[in-house]
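All chains are named by letter (A, B, ...) in the order of the sequence lines, taking the proteins before the strands, and each is independently numbered beginning at 1.
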Amino acid sequence: MSEVVIRLPDGSSRTLPAGSTAQDLAAAIGARLARDAVAAQVNGSLTDLATVLPDSAEVRVVTAASDAGRDVLRHSTAHVLAQAVTRLWPGAKYAIGPTIEHGFYYDFSLPNGAHFSDDDLERIDAEMRRIIAEDQPFTREEHSIAEGRALFADQPFKVEIIDGVAGEAGEGASAVSAYRNSAAFVDLCRGPHVPSTSRLGHFRLTRVAGAYWRGDEHRPQLQRIYGTAFESAAALDEHLAQLAEAERRDHRRLGQELDLFSFPSELGPGLAVFHPRGGIVRRVMEEYSRQRHEEAGYSFVYTPHISKADLFETSGHLQWFAEGMYPPMELDEGQRYYLKPMNCPFHVLIFKSRQRSYRELPLRLFEFGSVYRYEKSGVVHGLTRVRGMTQDDAHIFCSRDQMGEELAKLLKFVLDLLGDFGLHDFYLELSTRPAGKAVGSDEEWSEAESTLERVARAAALDLVLDEGGGAFYGPKISVQARDAIGRTHQISTIQLDFQTPQRFDASYVGADNRRERVIMIHRALFGSVERFLAILLEHYAGNLPTWLCPEQARVLSVRGEFEGYANEVAQRLRARGLRASTEPADEPLGSRVRRAKLDKIPYILVVGAEDAGNQTVGVNRRGATDPERGVSVDDLVERLATEVARRGAPEDL
RNA sequence: GCCUGGGUAGCUCAGCUGGUAGAGCAGCGCAUUCGUAAUGCGCAGGUCAAGGGUUCGAAUCCCUUCCCAGGCUCCA
């Protein structure tokens, strides 16, 4: 009997009898590996464990607890889902069931236009567990195109996929593969799959949704079920806990609970109002931003919310961005006015209001500019995707030789400012020319792109390329930040623009008395104030650092007789610029403390007989397990003032 | 925009296959005066998103509109 030599990832080799499978290899290496194996990578491509290994193959055994292994588990679980649905809804057509980032989905078309409800998830889940208990094999079958069409004759989506394969590879040339679980269920699939359904089980169906066949809104709408699967109950639980944590941190929930903002339905989708407490947070954010911008050499401007159409004709917005704009208001004289979707054209007009000298450059015009964008109604989401928002927007007008340095300085400024808000983990994304949707010459674009890339590389952060993701007038660097639970958010954007100045004929007089075309840098650091606030809320799970908290301290008197002293303490804090309140003692202390905790107040201060006599307070710090007693009011005021000044949080101590 | 699922008191939600609305929290009043995450009693609060239809009768069934949530090819 001949043998085959298999090379393993660690460089070692194994000799096995000819005809051995990947499963045999795993077993030869160890019982534990044999148990954990779900698939194999043979000469670079993923395949089933049942695959017979060719001689001198390079083989890696794929275990469940790896990214590739989890994909196999999820894909196989998707097949089980499809089988369960066909059992429960005879006649159901199954379309595609791929794995996605944290799970999988499967799309179906149910007989008689039926659709899934949340209750169905339980039934399907139960049926899936039965299939898993049946220990059905995943058996690979190869079929010709014609056989495939016959096999899936009653599955129109599968037939369409096979037709696609036939179209690409030629009618007779290629074969299709399918995986059979039972006489009753077979699914067209590339694989690989686990050897048997018994290898599955740590899964959860998460939600039902509608989705178009092939994502095309002109094609049939299918019923989609999302789910996820993991290698162990513990890994699944951890994933579900993460989802619950994200839900707990959802800024829409926190905005409600903390009375920060709301979305009155009377206003329409994507339009928020800020309540007094949310208003404080916003105001503090904006004031700090203004202060930093002033220090960084920005000038402050104000511009209106609407303008005649001509402005946006000139800027190119009506040509390139019209679908993102609200429809025009028609005036009696036939004049069309638009709500502004961006501030840049207005700032250009300020630049152009008189002749500019090279001595004025860089000219940095800053505005908290409210803009309105007609987002499709299905995509608005809390404060992160709205139709009305305020950008911390500035346009820097500079010369060509200044732009590199200005951009480098700007990037440093951005990261520094974001750091002050508690974001420290960044990477950059460079978005380049959008194909077929851009103005300007190739030379200008490549100069702009290479300048941005140089600056981005110099920042010593990871740089990701976003091909074709730029605006119509120029490429951009966007700053992506990772939050406390590891999610990334696009925050700041910096765009380099040679086009707008040309469109507006914006120029300056150089030292040599010649007119030069000015360069524009568009930049928003928060992006939008609303969205940035939402990100901060989720980042901090509502426990904003003290300087941003609407209410920094609440003074509670143990009994009504100390309310005068409580007011005195609050007054002392307010005299130092801190936001402190008191609450009457007509409820038990525990109840008032609880409410203050739910309000996420950084410092709950309790005063009683001992304190009134000694000018002290009891300090219940957010994040602390035990309250401190007998802290002198003087010390407390200093502590809080210091914490605010360094933009800290009570949890830092 | 499209699809699915939703919209019941300020909030979170109950209300079976149609018989005409409930709880907890919040609010208000009274009592309680309490040392660090829920004091008691009482009161008030809803055109059941809006409009139309079916029906003797609609929160419940049907239609339209508005709003919310999730989703809408990381290709078998």
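Looking at A/Gln480 and A/Ser478, their side chains do bring a donor and an acceptor atom within 3.5 Å of each other. A side-chain donor-acceptor contact under 3.5 Å links A/Gln83 and A/Gln136. Between A/Gln571 and A/Arg574, the side chains place a donor N or O and an acceptor N or O closer than 3.5 Å (distance only, hydrogens not considered).
For A/Val606, whose side chain is taken as the heavy atoms from C-beta onward, the closest listed nucleotide among B/C68, B/G35, B/U39 is B/G35. Which of B/U36, B/C74, B/G70 sits closest to the side chain of A/Arg207 comes down to B/G70. Listed nucleotides: B/C34, B/G71, B/C68. Nearest to the side chain of A/Val558: B/C34. Relative to the side chain of A/Ile96, the nucleotides B/A37, B/C75, B/G71 differ in distance, and B/C75 lies closest. Closest to the side chain of A/Ala209, from the set B/C67, B/A37, B/G71, is B/G71. With B/U32, B/A38, B/G35 as the choices, the nucleotide that has an atom nearest any side-chain atom of A/Asp611 turns out to be B/G35. In the set B/G35, B/U36, B/U33, B/U33 carries the atom at the smallest distance from any side-chain atom of A/Arg559. Which of B/U33, B/A37, B/U39 sits closest to the side chain of A/Lys597 comes down to B/A37. When distances are taken from the side chain of A/Pro588 to each of B/G1, B/G71, B/C34, the shortest belongs to B/C34.
Considering only side-chain N and O atoms, A/His381 lies under 4.0 angstrom from the phosphate OP1 or OP2 of B/G70. The shortest distance between the side-chain N/O atoms of A/Gln256 and the OP1/OP2 oxygens of B/G10 is not below 4.0 Å. The phosphate of B/G71 has neither OP1 nor OP2 within less than 4.0 Å of any side-chain N or O from A/Tyr106. Taking 4.0 angstrom as the limit, A/Arg224 places none of its side-chain polar atoms (N or O) nearer than this to OP1 or OP2 of B/G71. At least one side-chain nitrogen or oxygen of A/Arg252 sits closer than 4.0 Å to the OP1 or OP2 atom of B/A69.
Nucleotide B/C68 holds its C1' atom 14 Å from the CG atom of A/Leu267, rounded to whole Å. Going from atom CG of A/Leu598 over to atom C1' of B/U12 covers 14 Å, rounded to whole Å. The nearest whole Å value for the distance from the CG atom in A/Leu110 to the C1' atom in B/U4 is 12 Å. Atom pair A/Glu583:CD and B/U36:C1' shows a separation of 13 Å (rounding to whole Å applied). The distance between atom CD1 of A/Ile225 and atom C1' of B/G5, rounded to the nearest whole Å, is 14 Å. Regarding A/Leu258, its CG atom lies at a distance of 15 Å from the C1' atom of B/A26, rounded to whole Å. When rounded to the nearest whole Å, the span between CD of A/Glu561 and P of B/U32 equals 15 Å. As rounded to whole Å, 14 Å separates atom P of B/C68 from atom CZ of A/Arg385.
B/U36 is unpaired under the criterion used here, namely a Watson-Crick or G-U wobble arrangement in which both key atom distances are under 3.5 Å. Nucleotide B/C72 is matched to B/G1 when pairs are restricted to Watson-Crick or G-U wobble geometry with both distances under 3.5 angstrom. B/U47 is unpaired under the Watson-Crick or G-U wobble criterion, no partner having all donor-acceptor distances under 3.5 Å. The partner of B/U12, taking Watson-Crick or G-U wobble pairs whose two distances both stay under 3.5 Å, is B/A23. Across all strands shown, nothing is found opposite B/A59 as a Watson-Crick or G-U wobble partner with both distances under 3.5 Å. Partner assigned to B/G42 is B/C28, using Watson-Crick or G-U wobble distances below 3.5 angstrom.
Nucleic acid contact for A/Glu610: base, since at least one base atom lies under 4.0 Å from a heavy atom of the residue. A/Ala596 comes within 4.0 angstrom of nothing in the nucleic acid, heavy atoms only. Note on A/Arg629: a base of the nucleic acid sits closer than 4.0 angstrom, heavy atoms only. Backbone-only engagement by A/Gly590 is indicated by non-hydrogen atom pairs under 4.0 Å involving sugar-phosphate atoms exclusively. A/Ile604 comes within 4.0 angstrom of nothing in the nucleic acid, heavy atoms only. No engagement by A/Asp626 is indicated, since no non-hydrogen atom pair under 4.0 Å with the nucleic acid exists. Heavy atoms of A/Phe157 sit nowhere under 4.0 angstrom from any nucleic acid atom. Across all strands shown, A/Asp107 has no heavy atoms under 4.0 Å from either base or sugar-phosphate atoms. Within 4.0 Å (heavy atoms only), A/Pro627 reaches at least one base atom of the nucleic acid.
Remark: side-chain polar atoms of A/Asn181 are paired, donor with acceptor, to backbone N or O of A/Pro137 under 3.5 angstrom.
Put simply, the residue from A/Arg595, A/Arg559, A/Arg594 that forms a salt bridge (charged side-chain N to carboxylate O under 4.0 Å, His left out) with A/Glu587 is A/Arg595.
The six-membered or imidazole ring of A/Phe104 lies away from that of A/Tyr106, with a centre-to-centre distance of 6.0 Å or more. A/Phe321 and A/Tyr338 have their aromatic ring centers separated by at least 6.0 angstrom.
For the pair A/Ile161 and A/Gly608, both in contact range of RNA chain B, the more 5′-proximal nearest nucleotide belongs to A/Gly608. If A/Leu222 and A/Leu589 are placed on RNA chain B by their nearest nucleotide, the residue sitting closer to the 5' end is A/Leu222.
We find that A/Arg123 and A/Glu127 are not joined by a salt bridge, their nearest charged nitrogen and carboxylate oxygen being 4.0 Å or further apart. Salt bridge absent: A/Glu257 and A/Lys600 never bring a charged side-chain N and a carboxylate O closer than 4.0 Å.
B/G22 and B/U47 have their P atoms separated by 15 Å, with the value rounded to a whole Å. Spacing of C1' atoms, B/G24 relative to B/G6, comes out at 22 Å, to the nearest Å.
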